[in-house]
Amino acid sequence: MTEKNLLLAIFEDIDPAASAVDALRALGIHDDHLTVISGAPITEAMLGRQHQHSNVTRFALGGAILGLGLGYFLAFVTPDMYPIVVGGQAHIPGPPTIVVLFEMIMLLMLLGTFLGVFLDSRFPNYTPTQYVPEISDGRIGLLIECAGALEQNVEKAMNELGAESVKRAQAEVL
Amino acid sequence: MAISASALPRAHAEEHLDHEAELRKEHLMLDPRPRGEMNAMVMESMLTTSWKFWAIAALMALIVAVGLFGAWGYMISEGLYVATVNRPMYWSYFLVHTVFWIGISHAGTFVSALLRVFKAEFRRPFTRAAELMTTFGLVQAGIHIFAHMGRVWLTYWMFPFPNQRQLWTNFHSPLMWDFLAINTYLLSSTMYLFLPLIPDLAMARDRSTGWRKTFYRILALGWRGTEAEWTHLRIALNIFAFAILPVMFSVHTIVSWDFAAAMRPGWSSTIFGPYFVVGALQSGVSAVAMVVITLRYTMKNMDYFIRKEHFDALGKLMLVISMAWAYFFFNDYMVQWYGGDKWTDALLHFHEAGPAGWVWLMMLITNIAIPWLVLWNKNWRRNPWILFTVGLLANVGMWAERFIIIPVSLQINRMPFMWGQGIKFGVEIPIFIGSIAFFILLYMIASRLIPLVPVWEVQEGQMAHSIRKYGKEPVVSVADLE
Amino acid sequence: MSSPKIPEFKAEWKEGEAGRWGLAIDMDLCTGCQACVAACSMENNVPFVGEKESGYGRQMAWMRVERLWEGQYPEVKTTPFQPVMCQQCGSAPCEPVCPVFATVHAEAEQLNLQVYNRCVGTRYCANNCPYVVRVFNWADFAINPIHANPDKDGKLVFPLHNQFNPDVTVRRRGVMEKCTFCIQRIHKAEDQAKSENREVVDGDVTPACAQACPADAIIFGRLDDPQSRVSKLSQDKRAVHLLEELGTQPRVSYLSGGSHGNLG
């Protein structure tokens, strides 16, 4: 039975962190078992990792389509539900429908984007997670999931590359 | 010979050193400090107060209670006769102030979205300050919209929802487009304010204790900064930045259509859409300059984040936008003047030579003459007093523009028997002063509760900037890190 | 894109359809006495605004008699008196701009309706009316003690309370109102005609203004009945519409230029 441990290695700079990622790969730790946590956005390419996928654009598109539906309903369906005549314009006037459609598309697209961030990132998350406050001070944290046997090697490798600290990651309420 | 040969390289080295030091002093992006230190500075700025701060906040709260809510409550119970509106001037200061506050709210979107899209790096330290202006400005605009209504307790009838009255709302009406557009803008800009705030709330959570820690913990949603979280956030911010720009343009265009869609002389002008948008940018960017200057000189540690380069950039923007405003104003004026329609002629004459002629003249002086005479000069732009004054005057000028367009134009119509004069003083004035105080109060409260500088964006920018030598000249180099 | 059950009103009006109810006002007969204004206010429970508020421009009369003059002193000529009320436009600019459908077009009566219960008081309709005939309830003039008069005993009296018309509602503050062509009288006459199994004929309906006019300068009736007085008068060569070029299709014809009038 392989027991899995979570280690958190903290680095101060990007270059040692990038070398650490290479070292971990050499030790057989797959990219999926490594989470990078940082205080400023670091692209995957900077650490030589695979591109991260996100559903946010799909949520945005879905929101836009819903917005089109809502706008269509408001502009084209409600005037016919309880018809009222106002003079000077056709019953469903052309230009105002464009305004209604546009606003509803934009609103629901942006709401969808916002929702997408929440859903994709599993926000809000108040359960205990692995984190240390130093990360928001600009450190780069490598959260490594490794088999118990490898733990010593990983620790040694991280320290050699200049990690500020390497320890068991405690799940704490943030 | 030998002496001069050895003296020369040393002089050059000193020059370059100075030049580099100058660059670092001038540009925040070239003057990085450890993130921990910047975090501490921002937290200190948020937590440090003085008795003067609380005295001003108390004064603002008093003005809000009496001027805004007191006077407004009085008006709701008495009726609109306590305001300056009458027949034919059915719309007066409330609409002027609505448009004024919506104009100011365009500041935030302009700075955080337009400048982000164009990768103007100088926006980084004050995007949040500008976005707060959008949200708080829209609150004041909403107050004035509600205030102008005869039966404000029935406002919810303007919300399209299924009901037993067998009535939906009338989408023929520009006021319904206003309803949709302003609500879209309010929700979108609040979301756009909150998203980049999350990492800074996480930072504040990590550095707080007590009630503040609970507050930030809840609002930070459990942000850690994983690769995934940053990816989702960055993609969302890109979508928001691009999408909120058409929303911003549409909002003030639709507000302008409240007037342009009406068949009145002086109002049914086809150029009102872009005219109003540029006017909103004018008052918005001027207000950003005022707020940024105020923050820099009143809050601790802001002198590191906000520098003369920002005043310089904002001043240049104000000048360009003032020129654009002058172009649209002249367009509108020229076409109306040339047309010769007798009612429009009467209206233009009333604008320039009527009782409010001095307001019209003041509008031109503060919107065109003063920015054009002052903002071309680099040293004057960088002087906070001068920039603040020019910004304040530009806002006064934009207030005057809306005053001319709404109450003054309403006094002239196609039935000369019904031309009327406006009433000078009414309850709108304390309500407006109350709304200014409310804006300031909300801002002051926000400055105590959330970090005003988006530190992660500043660090991101500093990571991307470096100084490299181009020949002998140290030049600023910006990398595109995305 | 329109649903089949809604008739194409716009096309109908654009064809030049005259409408159902209309007024003809003979400015050559009008003496400017303003009996019509007073009668209209009494018929429709229009509140007394008082001197101060009227001075501020809050006068609430649904009709006005316009008095204009031409020329410079001493060669000043008066123009004929012009009573102006809601023109009940066929293509009313006030209707599309109300966000809550408080001013709509009546399909049966073919009039412009003001729905007091629905009005939230944005006053866009009033800004868009080219005739400036809409009137707003700036205050509860009928019930707020500030606007009452003390009588000889010092008791506060509301003049309107002595002359309520039970057929018409009293509006609260924050609501827009305007001339309705005395729609309450139209409905009464139509109910009467229906119960007698006939159509409404000329003379069945007289709005308050027409009833009060001593010179018989205001004629009301069915515009779609070619035999009615108002129909014939609106075809007269002296007849014009106000601000016709705006395309509002008003239902009020103004006759002037005859031998009694000052100008052509």
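What you see is a predicted model, and the numbers here were worked out from it, not measured in a lab. To find a chain, count down the sequence lines: A is the first, B the second, and so on, and within it residues start at 1.
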**Item:** chain A-proximal positions within residues 249-258 of chain B [heavy-atom distance under 4.5 Å]
**Value:** Ser250(B), Ile254(B), Trp257(B)
**Message:** If I measure from the heavy atoms of chain B, does Arg122(A) come under 4.5 Å with its side chain, its backbone, both, or neither?
**Reply:** neither
**Asked** Phe59(A) versus Phe114(A): any side-chain heavy-atom pair under 4.5 Å?
**Response** no
**Asked** Does atom CZ of Arg25(A) have more than 12 heavy-atom neighbours from other groups under 6.0 Å away?
**Response** yes
**Prompt:** When the aromatic ring centroids of Phe159(B) and Phe179(B) are compared, is their separation below 6.0 Å?
**Reply:** yes
**Message:** Side chains of Asp31(B) and Tyr304(B): any donor to acceptor distance under 3.5 Å?
**Reply:** no
**Request:** Tabulate, in ascending numerical order, the residues of residues 452-461 of chain B having at least one heavy atom closer than 4.5 Å to a heavy atom of chain A, or enter 'none'.
**Result:** Trp456(B), Gln459(B), Glu460(B)
**Prompt:** Side chain, backbone, both or neither: which part of Leu174(A) has a heavy atom under 4.5 Å from chain B?
**Reply:** both
**Asked** Which bit of Ala60(A) is near chain B, if near means a heavy-atom gap under 4.5 Å: side chain, backbone, both or neither?
**Response** side chain
**Fill in**
Residues pairing under side-chain hydrogen bond (donor to acceptor under 3.5 Å, both in side chains) where one sits in residues 159-182 of chain B, two or more places apart or in two chains, turn out to be Gln89(A)-His172(B)
**Request:** Can you tell which part of Met176(B) gets under 4.5 Å to a heavy atom of chain A, answering side chain, backbone, both or neither?
**Result:** neither
**Item:** Proximity breakdown for Pro246(B) and chain A, heavy-atom pairs closer than 4.5 Å
**Value:** both
**Prompt:** Side chain, backbone, both or neither: which part of Arg224(B) has an atom under 4.5 Å from a heavy atom of chain A?
**Reply:** both
**Asked** What are the residues of residues 101-108 of chain A, in order of number, with any heavy atom under 4.5 angstrom from a heavy atom of chain B?
**Response** Phe102(A), Glu103(A), Met104(A), Met106(A), Leu107(A)
**Item:** Residue part contacting chain A, namely of Arg234(B), when any heavy atom lies under 4.5 Å
**Value:** side chain
**Prompt:** Given that the side chain runs from C-beta out, which part of His53(A) has a heavy atom under 4.5 Å from chain B: side chain, backbone, both or neither?
**Reply:** backbone
**Prompt:** Is it the backbone or the side chain of Phe194(B) that comes under 4.5 Å from a heavy atom of chain A, or both, or neither?
**Reply:** side chain
**Message:** With a 4.5 angstrom heavy-atom cut-off, is it the side chain or the backbone of Gln130(A) that approaches chain B, or both, or neither?
**Reply:** both
**Request:** Measure the acute angle between the ring planes of Trp223(B) and Phe123(A), then classify it against the limits of 30° and 60° as parallel, tilted or perpendicular.
**Result:** tilted
